[in-house]
Q: 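My structure is below; once you've seen it, I'll send some questions.
Bear in mind that the values here come from a model prediction, so they are computed numbers and not experimental data.
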Amino acid sequence: MKNKILFIYTGRSSFVKKDIEILSQKYIVDEFAFIAFPKWKTPFLLLKQFFLLLFKGKSYSLMITQFAGYHSYLPALLGKLYNTTVLIICGGTESAGFPSISYGNFNKKWLGLFTKWSINMATHLAPKHQSLIHFKYDYDDKDYPEQGLQFFIRNFNTPYTIIENGYDASKFRCIAAKKKNSFVTVAAGIGTSNIIPLKGIDLIIDAAPHFSDCSFYLVGVPIDFKMQLKSSNVICLPQLKNEELIKLYSEAEFYLQLSMSEGFPNAICEAMLCEGIPIASNVNALPDIVDNAGFILSRRNNDQLKQIIATALRSDKNLLRLKARKHIADNFSIEKRASKILNLVDLLIEKKQ
């Protein structure tokens, strides 16, 4: 009989769906959606989760939580009591703290504590990049000089295995002619909370007037939100469906990912598979994602960004497009992620049997 896994997530994104599909090849996978929007739902979801774990927790060989926070605390705690293996997939925000923009689990007292307790009690972690464990941060001087779980959690010693995101190169591919001097960036919820500084949208808005012959597409702007733009060559678009995104990625010569913090972002990898040349900030996984196929903004600085854009416009675009696609297809395929996840889960379950 197949072992059972409980998979807990805060949003059923396409990548959560894919991980569940991968695990379902070998295991019975039950799902628990901890979608706490609006926030007042959190205590009710915790109560619902508690009773699920109380009555069914012992039936699972493994419990997986996508990211750490309030939703991972009870699985980690009851996993200890039941001697059940608990795996936390770490994506980014649970490893970060940026007071200047009020971002990251460790910027909030109680969320930081629940994250810390969850991480310490978990059997194993699966971060999407080594920087989520620890890295020195010098992209901007406003916040901590270090980031990652080892920095925020004293005596951190939970074992971990790095498993990067994986992408389907047959799905994400260039399907349209490139529009000369075009740039795109995707950020869900532009205009809400701290998204504009977090995703570097302000840098793009400041740079755009200096490149009047270029077009800058911002995807994720709500229709009813008025962006404070400085030039007419910034085009705001709402959230797009996958098919629409692939077409836009294909048409854009460049993809901008100027975030202050990222785990292992999907959009830049998808755009690179569509032969978009990446221009990214020097944070977390981004330098490894870009490699030698694009450009890195080492500091959060407007003048440096303008210099990089000018250099990128003069570069051998045809060569970089092919490099971008090849780098993601060769190093971050969905097949590699599937193999690593199944190998780790197999190992964790075997240890308990």
Side-chain angles (χ1 to χ4, degrees), residues 129 131 139 164-187 199-201 203-204 206-208 210-219 233-235 237 240 242 244-259 262 264-334 336:
H129 191 258
S131 62
Y139 179 63
E164 301 90 347
N165 279 341
Y167 305 90
D168 184 349
S170 64
K171 177 181 178 181
F172 291 95
R173 56 190 176 82
C174 191
I175 60 170
K178 295 291 181 184
K179 293 181 179 178
K180 187 177 180 181
N181 299 346
S182 55
F183 297 74
V184 66
T185 191
V186 176
K199 297 296 182 179
I201 306 301
L203 294 178
I204 297 170
D206 287 341
H210 300 274
F211 300 93
S212 57
D213 58 341
C214 297
S215 299
F216 297 84
Y217 294 89
L218 302 180
V219 180
N233 60 338
V234 178
I235 300 100
L237 300 172
L240 302 177
N242 248 349
E244 297 170 315
L245 270 179
I246 291 171
K247 184 174 183 294
L248 186 61
Y249 290 152
S250 299
E251 292 173 342
E253 285 194 312
F254 300 93
Y255 186 86
L256 291 163
Q257 186 83 57
L258 306 178
S259 309
E262 286 287 355
F264 200 103
N266 297 322
I268 188 172
C269 297
E270 295 166 353
M272 288 172 70
L273 284 174
C274 296
E275 300 180 22
I277 300 166
I279 299 175
S281 51
N282 184 33
V283 302
N284 295 100
L286 286 172
D288 289 339
I289 289 171
V290 172
D291 196 55
N292 66 348
F295 305 87
I296 292 294
L297 180 66
S298 62
R299 298 278 293 177
R300 196 175 194 278
N301 179 279
N302 288 324
D303 290 335
Q304 188 181 128
L305 176 60
K306 286 183 281 187
Q307 291 172 8
I308 286 176
I309 290 175
T311 300
L313 290 169
R314 297 191 302 268
S315 66
D316 187 340
K317 299 176 190 176
N318 290 328
L319 176 62
L320 290 177
R321 285 176 198 151
L322 298 178
K323 279 187 173 184
R325 176 172 172 80
K326 187 176 188 305
H327 179 61
I328 301 301
D330 288 352
N331 294 281
F332 309 117
S333 68
I334 189 62
K336 282 190 175 183

Q: Between Arg325 and Leu322, is there a donor-acceptor pair closer than 3.5 Å when you use the side chain of the first and the backbone of the second?
A: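 A pair under 3.5 Å: no.
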Q: Would you please test Ser315 and Phe295 for side-chain contact (heavy atoms from CB on, under 4.5 Å) and show each step?
A: CA-CA 10 Å; Ser315 66; Phe295 305 87; 3.9 Å; yes
Q: With side-chain contact (heavy atoms from CB on, under 4.5 Å) as the test, would you mind laying out the steps for Phe264 and Cys269 before giving the verdict?
A: CA-CA 9 Å; Phe264 200 103; Cys269 297; 3.8 Å; yes
Q: Determine the minimum heavy-atom distance between Ile289 and Pro265, stating which atoms define it.
A: CD1-CD, 3.9 Å
Q: Tell me if a side-chain donor or acceptor on Asn233 pairs with a main-chain N or O of Ala208 at a distance below 3.5 Å.
A: yes
Q: Could you pull out the closest heavy-atom pair between Cys174 and Ser250, with the gap in Å?
A: CA-OG, 3.4 Å
Q: So how far is it from Lys306 NZ to Thr311 OG1, rounded to the nearest 0.5 Å?
A: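 So the gap between those two atoms works out to 13.5 Å.
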Q: Working to the nearest 0.5 Å, report the span between NE2 of His327 and CG of Asn292.
A: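 Reported value, rounded in 0.5 Å steps: 7.5 Å.
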Q: Looking at every non-hydrogen atom in both residues, tell me the closest pair between Ala252 and Lys178 and how far apart they are.
A: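 Taking every non-hydrogen atom into account, O-NZ, 2.8 Å.
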Q: Is it true that Lys171 and Glu270 have a side-chain N and a carboxylate O under 4.0 angstrom from each other?
A: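 So Lys171 does not pair with Glu270 through a salt bridge.
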Q: When rounded to the nearest 0.5 angstrom, what distance separates OG in Ser259 from CG in Leu297?
A: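 If we round to the nearest 0.5 Å, Ser259:OG and Leu297:CG are 11.0 Å apart.
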Q: Checking Glu253 side chain against Asn181 main chain: does a donor-acceptor pair fall under 3.5 Å?
A: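 It does hold such a pair.
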Q: Classify the angle between the aromatic ring planes of Tyr249 and Phe172 as parallel (below 30°), tilted (30 to 60°) or perpendicular (above 60°).
A: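 Tilted.
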Q: Which of these, Ile309, Val184, Thr185, Leu313, sits in a side chain to side chain contact (heavy atoms under 4.5 Å, CB included) with Phe254?
A: Leu313
Q: Quick check for you: to the nearest 0.5 Å, what is the distance between Ile277 atom CD1 and Met272 atom CE?
A: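 One finds 10.0 Å between CD1 of Ile277 and CE of Met272.
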Q: Where is the tightest heavy-atom contact between Ala324 and Gly276, given as atom of each residue plus distance?
A: CB-O, 3.6 Å
Q: side-chain contact (heavy atoms from CB on, under 4.5 Å) between Leu240 and Val186: does it pass, once the steps are laid out?
A: CA-CA 9 Å; Leu240 302 177; Val186 176; over 6 Å; no
Q: Counting only heavy atoms from other residues, nucleotides and ligands, does the tally under 6.0 Å from NZ of Lys326 exceed 12?
A: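 Atom NZ in Lys326 is not crowded, with 12 or fewer foreign heavy atoms closer than 6.0 Å.
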Q: Counting N and O atoms only, with roles assigned by atom type, does the side chain of Ser333 sit under 3.5 Å from a partner on the main chain of Ala329, one being a donor and the other an acceptor?
A: no
Q: Looking at Lys247, I'd like to know if its NZ atom is crowded, meaning that more than 12 non-hydrogen atoms belonging to other residues, nucleotides or ligands lie closer than 6.0 Å.
A: no
Q: When rounded to the nearest 0.5 angstrom, what is the spacing between CG in Asp303 and CD1 in Ile308?
A: 11.5 Å
Q: Salt-bridge test for Glu262 and Lys199: reply yes if a basic N is under 4.0 Å from a carboxylate O, no otherwise.
A: yes
Q: Could you check whether any side-chain heavy atom of Leu237 comes within less than 4.5 Å of a side-chain heavy atom of Leu248, counting everything from C-beta outward?
A: yes
Q: Could you grab the distance from atom CG of Asn282 to atom CZ of Arg299, nearest 0.5 Å is fine?
A: 10.0 Å
Q: What are the two closest heavy atoms between Ser298 and Tyr139, and how far apart are they?
A: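 Where Ser298 meets Tyr139 most closely, the heavy atoms are O-CD1, 3.6 Å.
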Q: Using 30° and 60° as the class limits, which term best fits the ring planes of Phe216 and Phe183: parallel, tilted or perpendicular?
A: parallel
Q: I'd like to check Leu286 versus His129 (side-chain heavy atoms, cut-off strictly below 4.5 Å). Are they in contact?
A: no
Q: Might you point out which heavy atoms bring Ile279 and Ala312 nearest each other, and give the distance in Å?
A: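 Where Ile279 meets Ala312 most closely, the heavy atoms are CD1-CB, 4.0 Å.
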Q: Between Glu251 and Lys179, does any NZ, NE, NH1 or NH2 come within less than 4.0 Å of an OD or OE carboxylate oxygen?
A: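 Answer for the salt bridge query: yes.
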